[in-house]
Peer 1: 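Dumping the structure here so I can ask a few things about it.
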Amino acid sequence: MGNMATQTQFHVLAVDDSLIDRKLIERLLKTSSYQVTAVDSGSKALEFLGLNGESEDEERNSSVESVSAADEDHQVGVNLIITDYCMPGMTGYDLLRKIKQSSSFKDIPVVIMSSENIPSRINRCLEDGAEEFFLKPVKLSDVNKLRPHLMKGITTKNEMQSNSNKRKGSEEIQPPDRTRPRYNELEVV
């Protein structure tokens, strides 16, 4: 059971161009026992996820150094992405759309945060796949809202594996009244 705690540590990718906000969210997430990888732009987030095919070469080269230290952590996988909305270059909304268009990462929950309370922006993000929209400064009570989204993602993966196993099991072991007679000793002529 001790391994269970290690296995269920969630990995969050935090994206914010503001150093202060990035450090705050990183600290809140670590306080809540999340593993955190923090980057300062949408392009670096895509680089970390391996979705940088559309990044410019200059951005790719500059972000490789800062992300390479996190590459070992990348093996763990990301369970949730939390991103600022207003960032230079690629906005949090642009990042959300790229992630939701990716076949590999579309099921990862994305949370957007912003210091600007603009209802149309909030609705657009939620309609296009964001799980939550937090107003800055992010508080511990906001971070506590993340766990159900993480659990939903884990549950969905486990259910898919479980259903697959159930199907295999039901094919192998059927009650006698639900199986066809098997004729192992027959010869085909």
Side-chain angles (χ1 to χ4, degrees), residues 10-30 32 34-64 66-67 70-71 73-74 76-154 156-157:
F10 297 111
H11 185 189
V12 179
L13 176 60
V15 187
D16 200 319
D17 61 312
S18 163
L19 178 63
I20 293 170
D21 289 335
R22 197 168 56 247
K23 290 296 181 189
L24 172 65
I25 192 69
E26 190 174 0
R27 180 167 291 204
L28 288 171
L29 290 166
K30 285 183 177 179
S32 297
Y34 294 111
Q35 177 186 343
V36 183
T37 299
V39 295
D40 64 5
S41 69
S43 60
K44 287 182 184 176
L46 292 177
E47 174 85 20
F48 179 77
L49 295 170
L51 294 174
N52 61 334
E54 293 141 59
S55 301
E56 294 177 16
D57 286 331
E58 290 175 29
E59 288 178 342
R60 196 174 313 150
N61 292 337
S62 67
S63 63
V64 169
S66 61
V67 175
D71 280 345
D73 293 342
H74 182 56
V76 175
V78 173
N79 304 104
L80 182 131
I81 298 164
I82 185 164
T83 180
D84 184 24
Y85 183 90
C86 292
M87 296 184 291
M90 179 183 295
T91 67
Y93 178 75
D94 296 335
L95 179 60
L96 166 71
R97 293 197 34 114
K98 284 198 180 284
I99 290 165
K100 294 304 175 184
Q101 290 168 357
S102 158
S103 57
S104 309
F105 297 102
K106 67 181 178 188
D107 295 327
I108 293 180
V110 178
V111 174
I112 308 281
M113 51 188 176
S114 179
S115 55
E116 299 171 343
N117 187 359
I118 302 172
S120 60
R121 176 184 292 172
I122 295 169
N123 290 334
R124 185 173 69 160
C125 289
L126 294 173
E127 287 168 4
D128 285 350
E131 298 292 328
E132 295 275 352
F133 195 106
F134 294 154
L135 289 175
K136 290 182 180 181
V138 176
K139 300 177 273 314
L140 191 55
S141 61
D142 293 325
V143 170
N144 291 336
K145 294 176 187 174
L146 298 177
R147 196 160 297 273
H149 298 298
L150 291 162
M151 296 308 289
K152 182 173 65 176
I154 297 298
T156 303
K157 285 180 188 173

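Values below: all heavy atoms of this structure, side chains included; hydrogens, waters and symmetry mates excluded. Since the model is a prediction, treat every value here as computed from it, not as a measurement.
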Peer 1: Between K100 and I108 (side chain of the first, backbone of the second, donor and acceptor by atom type, cut-off under 3.5 Å), is there such a pair?
Peer 2: yes
Peer 1: Identify the heavy atoms of C86 and E116 that sit nearest to each other, and give their distance.
Peer 2: SG-OE1, 3.6 Å
Peer 1: Less than 4.5 Å apart, any side-chain heavy atom of D16 and any of L24?
Peer 2: no
Peer 1: Out of curiosity, T91 OG1 to D17 CG, how far, rounded to the nearest 0.5 Å?
Peer 2: 11.0 Å
Peer 1: Mind listing the closest non-hydrogen atom pair of G42 and L95 along with its distance?
Peer 2: O-CD1, 3.9 Å
Peer 1: For K98, is there any backbone N or O sitting under 3.5 Å from a side-chain donor or acceptor partner on S102?
Peer 2: no
Peer 1: How close do G92 and T83 get, heavy atom to heavy atom, and via which atoms?
Peer 2: CA-OG1, 3.8 Å
Peer 1: Can you check whether L80 reaches E131 side chain to side chain, under 4.5 Å on heavy atoms?
Peer 2: no
Peer 1: What's the shortest heavy-atom distance between A14 and L29, and which atoms?
Peer 2: CB-CD1, 4.5 Å
Peer 1: Side chains of S120 and N123: any donor to acceptor distance under 3.5 Å?
Peer 2: no
Peer 1: Starting at CG of L49, measure out to NZ of K44 and round the result to the nearest 0.5 Å.
Peer 2: 14.5 Å
Peer 1: Between the main-chain N or O of Q101 and the side-chain N or O of K106, is there a donor-acceptor pair closer than 3.5 Å?
Peer 2: no
Peer 1: Decide yes or no on side chain to side chain contact (heavy atoms under 4.5 Å, CB included) for Y93 and R121, but give the supporting numbers first.
Peer 2: CA-CA 9 Å; Y93 178 75; R121 176 184 292 172; over 6 Å; no
Peer 1: Donor-acceptor pair, N79 side chain versus H11 backbone, under 3.5 Å?
Peer 2: yes
Peer 1: What is the minimum heavy-atom distance between F133 and L126, and which atoms define it?
Peer 2: N-CD2, 4.2 Å
Peer 1: Might you work through the side chain to side chain contact (heavy atoms under 4.5 Å, CB included) test for M113 and D21, ending with a clear yes or no?
Peer 2: CA-CA 10 Å; M113 51 188 176; D21 289 335; 5.9 Å; no
Peer 1: So, are K145 and E132 salt-bridged, with charged N and O less than 4.0 Å apart?
Peer 2: no
Peer 1: Apply the test side chain to side chain contact (heavy atoms under 4.5 Å, CB included) to residues Y85 and I118: give CA-CA distance (whole Å), side-chain angles for both, the deciding distance (0.1 Å), then the verdict.
Peer 2: CA-CA 11 Å; Y85 183 90; I118 302 172; over 6 Å; no
Peer 1: Does any part of the side chain of D142, heavy atoms only, come nearer than 4.5 Å to the side chain of L135, both counted from C-beta?
Peer 2: no
Peer 1: Taking side chain as C-beta onward, heavy atoms only, is I112 less than 4.5 Å from L96?
Peer 2: yes
Peer 1: Is D94 salt-bridged to R97, going by a charged N under 4.0 Å from an acidic O?
Peer 2: no
Peer 1: On a heavy-atom basis, which atom in A38 and which in E26 lie closest, and how many Å separate them?
Peer 2: CB-OE1, 3.9 Å
Peer 1: Can you check whether F134 reaches I82 side chain to side chain, under 4.5 Å on heavy atoms?
Peer 2: yes
Peer 1: Can we say D128 and R124 salt-bridge, meaning some charged N sits less than 4.0 Å from an Asp/Glu carboxylate O?
Peer 2: no
Peer 1: Would you give the length of the straight line joining atom CG of N144 to atom OG of S32, rounded to the nearest 0.5 angstrom?
Peer 2: 5.5 Å
Peer 1: Taking atom CD1 of I20 as the centre, report whether more than 12 heavy atoms of other residues, nucleotides or ligands fall under 6.0 Å from it.
Peer 2: no
Peer 1: So do the side chains of V12 and I25 get within less than 4.5 Å of each other, counting heavy atoms only?
Peer 2: no
Peer 1: Mind checking the CG-CZ spacing from L13 to F48? Nearest 0.5 Å is all I need.
Peer 2: 6.0 Å
Peer 1: When you compare the side chain of L146 with that of F10, does any pair of heavy atoms fall below 4.5 Å?
Peer 2: no
